[in-house]
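Values below: every heavy atom of this structure, side chains too, minus hydrogens, waters and symmetry copies. Values in this document were obtained by computation on a predicted structure and should not be read as measured data. One is the number of the first residue; the rest follow in order along the sequence.
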Amino acid sequence: MKYYILFGPPGAGKGTQAGAIAEKFNLKHVSTGELLRAEIAAGTELGQQAKTLIEAGNLVPDSVVEGMIENLFNTLKGVDGFLLDGFPRTLGQAEDLDKMLSARGEKVDAVISLMISDSTIRERLKGRAAIEGRADDANEETISNRIATYHQKTEPLINFYKAAGKYHELNGDGKSIEEVRALVFDLLNQL
């Protein structure tokens with residue numbers, strides 16, 4: 001089983017690229033947001049825990065998200081691996097993922113990082129807000145907060161995965177969706 005992490009700041013194109021990557025390489029695209037919604041809709045125990053927390057305005061703790069991901073690893077068949085999108089977001093989650101996979105005799109194979117500048121993040125989020133009607137992406141203060149949170153909480157994962165020799169960065173600034181996709185496919189073919 002292959003385990004890839006799709007990494008990058010908000011607006012880098014992770015969601016845009018994930019479906020094509022998953023299809024070409026027979027991977028299950030695992031979006032933590034979609035996973036949470038599916039568990040809640042299915043009425044599972046983890047889904048009920050998540051729903052209670054979300055309805056109370058609280059964040060879903062790592063243990064619940066990690067439980068959902070591990071459940072998927074244990075039950076999904078017919079794929080060659082997983083493409084994790086939106087997880088891990090913190091060093092603690094990365095360490096927990098390593099422990100989870102190690103217990104299975106497996107490991108993260110590679111981190112594919114789609115990098116763009118902060119100014120490109122702003123442009124893309126505003127564009128996405130206009131197209132998709134996502135109010136959270138239209139608010140300048142919210143965008144600034146998302147960028148700051150990314151730099152503080154998620155960016156430290158770069159050094160974590162560089163130290164493990166698993167980090168592969170692709171520059172998405174000024175490139176079309178197709179150009180970025182070609183770079184990702186080329187990288188994965190080399191791995």
Closest heavy-atom pair and its distance - D109, M1: OD2-O, 3.8 Å
Polar side-chain atom of Q17 near backbone of I177 as donor-acceptor pair, under 3.5 Å: yes
Sub-4.5 Å side-chain heavy-atom contact between I21 and L83: yes
Shortest non-hydrogen separation from G174 to E179 and the atoms involved: O-OE1, 4.2 Å
Co-membership, hydrophobic cluster, residues Y150 and V65, 4.5 Å side-chain: yes
Plane angle bin for F7 and Y167 - parallel if under 30°, tilted between 30 and 60°, otherwise perpendicular: perpendicular
Side chain R181, main chain T16, donor-acceptor under 3.5 Å: yes
Side chain proximity check, V30 to F82, heavy atoms < 4.5 angstrom: yes
Over 12 non-hydrogen atoms of neighbours within 6.0 angstrom of CZ in R89: no
Cluster link L84 to L72, ILVMFWY, side chain under 4.5 Å: yes
Polar side chain donor-acceptor pair, S31 to D85, under 3.5 angstrom: no
Expected output: side-chain N145 to main-chain E141 donor-acceptor under 3.5 Å: no
T90 and D62, any side-chain heavy atoms less than 4.5 Å apart: yes
Expected output: side-chain Q48 to main-chain G43 donor-acceptor under 3.5 Å: yes
F73 and Y3 aromatic centres sub-6.0 Å: yes
Closest non-hydrogen atom pair, A94 against Y161: CB-OH, 3.5 Å
Pairwise side-chain contact, D118 with H151, heavy-atom cut-off 4.5 Å (strictly under): yes
Worked check of side chain to side chain contact (heavy atoms under 4.5 Å, CB included) between I69 and T32: CA-CA 8 Å; I69 289 171; T32 51; 4.1 Å; yes
D96 side, atom CG; L101 side, atom CG - distance, nearest 0.5 Å: 11.0 Å
Gap separating the NZ atom of K2 from the CG atom of L188, nearest 0.5 angstrom: 10.0 Å
Whether Q190 side chain and L187 backbone form a donor-acceptor pair below 3.5 Å: no
Between CD1 on residue I121 and NZ on residue K126, distance to nearest 0.5 Å: 12.5 Å
L36 and M68, any side-chain heavy atoms less than 4.5 Å apart: yes
Heavy-atom pair with the smallest gap, counting every atom of L157 and P88: CD1-O, 3.3 Å
K28 atom NZ, neighbour heavy-atom count above 12 within 6.0 Å: no
Separation between NE2 of H168 and OG of S113, rounded to the nearest 0.5 Å: 10.5 Å
Residues, nucleotides or ligands: over 12 heavy atoms within 6.0 Å of K166 NZ: yes
Closest non-hydrogen atom pair between L27 and D80, with its separation: CD2-C, 4.2 Å
Within-4.5 Å side-chain heavy-atom neighbours: L97 and V108: yes
Heavy-atom side-chain proximity of R128 to R124 below 4.5 angstrom: no
Side chain to side chain contact (heavy atoms under 4.5 Å, CB included) evaluation trace for L170 with I112: CA-CA 7 Å; L170 302 172; I112 300 111; 4.0 Å; yes
Side-chain donor/acceptor of T120 to backbone N/O of I116, under 3.5 Å: no
E140 atom CD: more than 12 heavy-atom contacts under 6.0 Å: yes
Nearest heavy-atom neighbours spanning V64 and A50: CG1-CB, 4.3 Å
Pair R122-S144, side-chain donor/acceptor within less than 3.5 Å: yes
Check: L114 and V184 side chains under 4.5 Å, non-hydrogen atoms: yes
Any donor-acceptor N or O pair under 3.5 Å, side chains E70, N74: no
Polar side-chain atom of K14 near backbone of P9 as donor-acceptor pair, under 3.5 Å: yes
Pair F25-Y4, ring pair (Phe, Tyr, Trp, His ring centres under 6.0 Å): steps then yes or no: CA-CA 11 Å; F25 295 96; Y4 297 113; 7.5 Å; no
Residue pair I158, M115: steps toward the side chain to side chain contact (heavy atoms under 4.5 Å, CB included) verdict: CA-CA 11 Å; I158 293 172; M115 293 308 269; 4.1 Å; yes
